[in-house]
> 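Sending over a structure as structure tokens; questions will come in a sec.
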Amino acid sequence: MSLSSNILLGRRMYFSPASAPDTSVPARSAESLALRKKYDDALFKNKEEHRKRIHDLERAHEESLDEKDHTIRSLKLLVLDLERKLVDSQNDFNENGRRSGINPVFSANSPVQKLLEQLQRLQEDKERTLVRLTELELQSGSVLDASFDSVDSLVGKTERGETPDQMGQCTTDTEKELEQTKRHKHSLEGEILRLKDENYRLRQFVSKLQDRSPHSTPESNPGLVQKHLGTPNRNDSHDVVTGSDVIDVHSLDRQSPGRGSLMVKNGQIATLENQIQFLKKQLTLKTEQLIKSELQLRERSRSSSVAEEKVEEQKREREEREEREEEERQLLASVRLEHEEEVNRLTTALTTVSQMALRVHREFLEVKAAHEALRSQVGEVPGVIGEVVMQTQDQIQRSLSSLGEENRTIVQKYLREMKLRKKYHNELVQLRGNIRVFCRVRPRIREDGDEEGDLVVTPDIDDDSLLKVNNTKGRDQQYDLDKVFGLSSTQAQIFEEVSSLVRSAIDGYNVCIFAYGQTGSGKTYTMEGVSDDPGINQRALQLLFEETSDASWTYDISAGVMEIYNESIRDLLNPDPANKLEVKMKSEGGFHVPGLMTLSVSSLHEVNQVFETGRRNRATASTNMNEHSSRSHCLLCVTVRGTNPTTGSTSVGRLNLVDLAGSERLSKSQAGGARLKEAQNINRSLACLGDVIHALRNKNSHVPYRNSKLTYLLQDSLGGDSKTLMIVQVSPVEKNVCETLCSLAFAQRVRGVELGPATRTSDSGSRGQSNGQTPTGRPSNLQIPHTPLSRSSSISSSASISPRQSPVPPSASSPSSSSHHSRTFSTSSSQSSSPSTSPVSTPTPTRKVTSSSTKSGNAGSPCSSPKPGFKKSAQSTPEKSRGLHRSATFSVRRATPTK
Ligand SMILES: Nc1ncnc2c1ncn2[C@@H]1O[C@H](COP(=O)(O)OP(=O)(O)OP(=O)(O)O)[C@@H](O)[C@H]1O
């Protein structure tokens with residue numbers, strides 16, 4: 001209710017200012033209407049008066065004009081009559097002169113002739129005067145018309161309701177002009193009266209003349225005189241003629257008819273001359289008067305036109321004012337209309353809002369009532385709610401458990417799908433021969449600093465092939481690799497993934513595993529590991545021993561260790577500085593390093609001794625980035641040579657395990673002197689590796705292997721028919737993010753390199769397709785799970801057939817045959833792993849080291865001296881052809897222990 005009253009109050013408040021103009025407007029308009037009416041009446045009266053006055057003026061003017069016309073006509077008639085009389089007199093005179101024999105009147109300079117000429121001129125003057133009169137009449141008519149127009153406009157203004165105040169000084173001027181026009185009219189009227197008098201006098205004079213004329217006396221032709229003068233025939237013409245002018249015509253006629261008439265004529269002529277003189281004067285006067293009148297008329301017409309212009313201007317102003325007033329009126333009307341519409345709209349809105357408020361209030365009351373009812377119900381049945389809650393909880397629990405079940409199923413399905421996808425992917429990779437790329441993120445170490453929470457590398461928890469790196473711009477960059485090992489990954493997990501590759505070496509494949517990454521990222525840790533947690537190297541050899549220990553084939557496993565330090569190859573088992581090694585191509589294809597010492601190993605202990613020797617001789621140093629930074633690329637070259645004693649078949653597999661030196665930014669490591677040179681060489685050889693990868697990826701016809709020792713040495717592994725795996729090591733901390741991004745970008749490029757299907761070596765180095773039968777009876781798939789060694793009889797029987805030509809289908813390596821373990825091993829592992837065979841501590845004289853190296857420099861040197869218990873069998877074959885890419889450079893015949 002309070003809302004409604006507020007709204008109504010608001011309405012009143014709103015309307016009160018708007019309703020005020022509504023009451024005042026009619027009052028004002030009534031007042032203005034009354035004023036208007038009053039003014040209209042006055043205007044009407046004024047207008048009538050003006051009309052009457054103008055009418056009177058017009059009539060008076062017309063009358064004066066008529067009179068003028070009449071006078072002019074009379075004058076014309078008079079002149080005509082005089083002319084006629086003159087002609088008659090002339091005729092009479094001529095007649096008399098002929099009779100008397102003299103003709104003095106019409107002689108050349110006679111007075112009559114002069115009189116006639118004067119008469120002629122007079123007549124011409126008269127005609128000009130008449131023309132002038134006509135013009136004056138016209139001008140006076142136009143002046144009058146203009147006056148009438150100005151009066152009309154004045155009347156019009158007055159009619160339009162312009163009060164004298166509104167018209168201002170201009171109205172007063174117009175009235176003055178009107179007054180002047182009136183005065184002029186009066187003067188014109190006076191002039192006309194004067195002219196009338198003049199006319200009258202002329203007529204009198206003419207009548208006198210007629211009276212004196214013998215041929216046209218008033219008596220002889222009274223009707224004519226009467227008619228021409230238009231006045232009563234009066235005999236007072238004697239008033240005009242002087243006594244001297246009176247000629248007794250009858251007495252002259254009587255005394256001497258000829259002389260008398262001549263005298264009469266002369267007298268008449270003299271009289272006429274006088275009259276003519278008089279008339280001339282009159283005419284001159286009239287002409288002057290007319291000119292004056294004309295000037296006045298012109299002046300008047302000019303002032304009239306000025307007045308007219310002023311009146312026109314006022315008229316225009318008045319019209320404009322009226323237009324403005326009209327516009328204002330219309331605007332006012334439209335504003336009023338809008339205002340009314342707005343008021344109507346607001347009223348409607350108010351009504352709607354009021355209705356809504358009422359409805360809401362009603363609903364509120366209803367809800368309140370319902371709420372009260374509910375509350376009372378709830379109060380009545382509190383137990384019901386608990387029951388319902390329990391039921392709901394049960395339902396939720398059931399739903400959650402079923403959801404969890406579904407979720408688990410989905411996750412299982414997903415994992416199955418993932419495995420399947422990986423399997424297919426690996427098969428595809430196998431077929432293509434891609435270099436596979438794993439990534440390992442090392443944990444935080446002391447060198448990373450103490451800051452917490454700045455890890456920028458995150459492996460995907462659902463997909464173990466995805467890795468996210470939060471880049472320098474704070475955005476996540478994702479990388480897809482073959483496998484990603486997180487910070488907490490163990491050495492065993494890593495090896496589990498690479499073990500199948502290692503096994504491939506037993507089957508005669510060339511396998512290369514190399515660790516790549518920035519300095520301090522954990523390459524050495526992954527490849528070598530630490531004593532209580534060894535890395536790939538040791539685990540690989542252990543696996544090889546395990547795998548070859550119980551088989552129908554005999555195996556010889558040999559190992560050599562070398563490093564590429566400052567672009568020179570050094571044998572780490574024979575660290576004689578004079579012992580310069582070079583990469584050479586073998587006659588049967590492939591590359592080798594002649595003079596490299598390889599030791600036959602048969603136990604983990606021997607292997608460890610080899611590693612220890614290599615590690616001791618390897619160039620390491622403490623840098624800013626790593627306390628024990630490797631300053632060289634280190635290669636562990638393992639050769640697995642298998643022989644089937646029954647069939648005489650052989651297979652040679654090679655396993656190259658490479659710990660690359662770490663790339664480093666010189667600005668960051670602040671290396672100088674020897675460290676700087678090392679770093680430059682490391683970076684250069686890694687750049688060459690990048691170039692090779694780039695060329696391989698783009699399938700360029702030329703691949704720049706020879707640009708560095710590293711790429712030249714790894715030529716078989718990178719571009720040949722090897723199975724190659726690169727482990728990219730990355731640091732997880734933010735300060736190394738740029739290097740991490742670079743390493744991962746390189747990894748992506750490496751992953752795109754297709755080497756083609758790998759082949760294996762058997763039967764004295766002949767290579768076969770990877771899908772053939774292997775000595776272990778396994779297909780050569782990286783992801784194949786480990787199966788016990790098997791040797792199918794078909795392999796044994798067809799030992800001379802290379803794997804490429806092998807008719808044995810892959811199914812021959814079926815699990816059914818995997819139980820066959822009839823392999824004999826020439827060296828018992830117990831013997832080789834016995835402490836007495838330790839290469840370092842206890843030299844075993846029974847071992848014979850044979851070296852076929854042509855380099856005499858190796859012989860007899862401390863390093864070339866056989867390691868205790870090992871037999872060196874480094875091969876050196878002159879380079880012949882560069883035909884096929886052959887793998888397995890370093891062949892170390894397993895020493896047969898002799899007792
Ligand atoms: N997965 C890991 N778990 C525990 N510690 C590790 C791991 N990876 C690396 N480290 C430690 O990090 C340090 C640097 O590792 P490592 O020497 O292997 O780096 P690197 O890449 O070989 O460096 P460089 O190229 O300079 O030789 C070592 O102290 C190592 O023990």
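For ligands, and for the atoms within them, numbers begin at 1 and follow the listed sequence.
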> Which pair of non-hydrogen atoms, one from Gly520 and one from Ile445, has the smallest distance, and what is that distance?
O-CD1, 4.2 Å
> Identify which of Ser632, Gly535, Gly520 has a heavy atom lying nearest to atom 23 (O) of ligand 1.
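It is Gly520 that holds the nearest heavy atom.
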> Kindly indicate, with the supporting measurements, whether the criterion salt bridge (charged side-chain N to carboxylate O under 4.0 Å, His left out) is fulfilled by Asp448 and Arg442.
CA-CA 11 Å; Asp448 291 338; Arg442 71 149 167 76; 2.7 Å; yes
> Mind checking whether Ser489 has an N or O less than 3.5 Å away from an N or O of ligand 1?
no
> Please work out, at 4.0 Å between heavy atoms, whether the side chain, the backbone, both, or neither of Arg440 comes within that distance of ligand 1.
side chain
> To check you understand the geometry: which heavy-atom pair defines the closest contact between Ile513 and Ile727, and what is its length?
CG2-CD1, 4.0 Å
> Is the shortest side-chain N to carboxylate O distance from Lys723 to Asp507 below 4.0 Å?
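Salt bridge flag = no for Asp507 with Lys723.
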> Less than 4.0 angstrom from a charged side-chain N to a carboxylate O is my criterion; do Lys709 and Glu567 meet it?
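Salt bridge flag = no for Glu567 with Lys709.
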> Do Asp533 and Arg539 sit within salt-bridge range, that is, some charged N less than 4.0 Å from a carboxylate O?
yes
> What closest approach, in Å, do Val457 and Val441 show between heavy atoms, and which atom pair accounts for it?
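Taking Val457 first and Val441 second, the nearest heavy atoms are CG1-CG2, 3.9 Å.
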> Return a yes/no value for Gly662: is any of its N or O atoms, backbone included, closer than 3.5 angstrom to an N or O of ligand 1?
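Yes, there is a polar N/O contact under 3.5 Å.
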> Would Thr526 and Gln729 count as having a side-chain donor-acceptor pair, cut-off 3.5 Å?
yes
> So which bit of Ile445 gets within less than 4.0 Å of ligand 1, heavy atoms only: side chain, backbone, both or neither?
side chain
> With heavy atoms of Gly522 as the reference, note each atom of ligand 1 found under 4.0 Å away.
8 (N), 9 (C), 15 (O), 16 (P), 18 (O), 19 (O), 20 (P), 21 (O)
> Say whether Gly517 and ligand 1 are in contact under the criterion: heavy-atom distance to a ligand atom below 4.0 Å.
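No; Gly517 lies far enough from ligand 1 that no heavy-atom distance drops under 4.0 Å.
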> Any N or O of Asp659 that comes nearer than 3.5 Å to an N or O of ligand 1?
no
> Applying a strict 4.0 Å limit to heavy atoms, is Met527 in contact with ligand 1?
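False for this residue.
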> With heavy atoms of Gln518 as the reference, note each atom of ligand 1 found under 4.0 Å away.
21 (O)
> Purely on distance, is any nitrogen or oxygen of Arg442 under 3.5 Å from one on ligand 1?
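No, Arg442 has no N/O under 3.5 Å of an N/O on ligand 1.
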> Compute the shortest N/O to N/O distance between Pro443 and ligand 1 and return yes if it is under 3.5 Å, no if not.
no
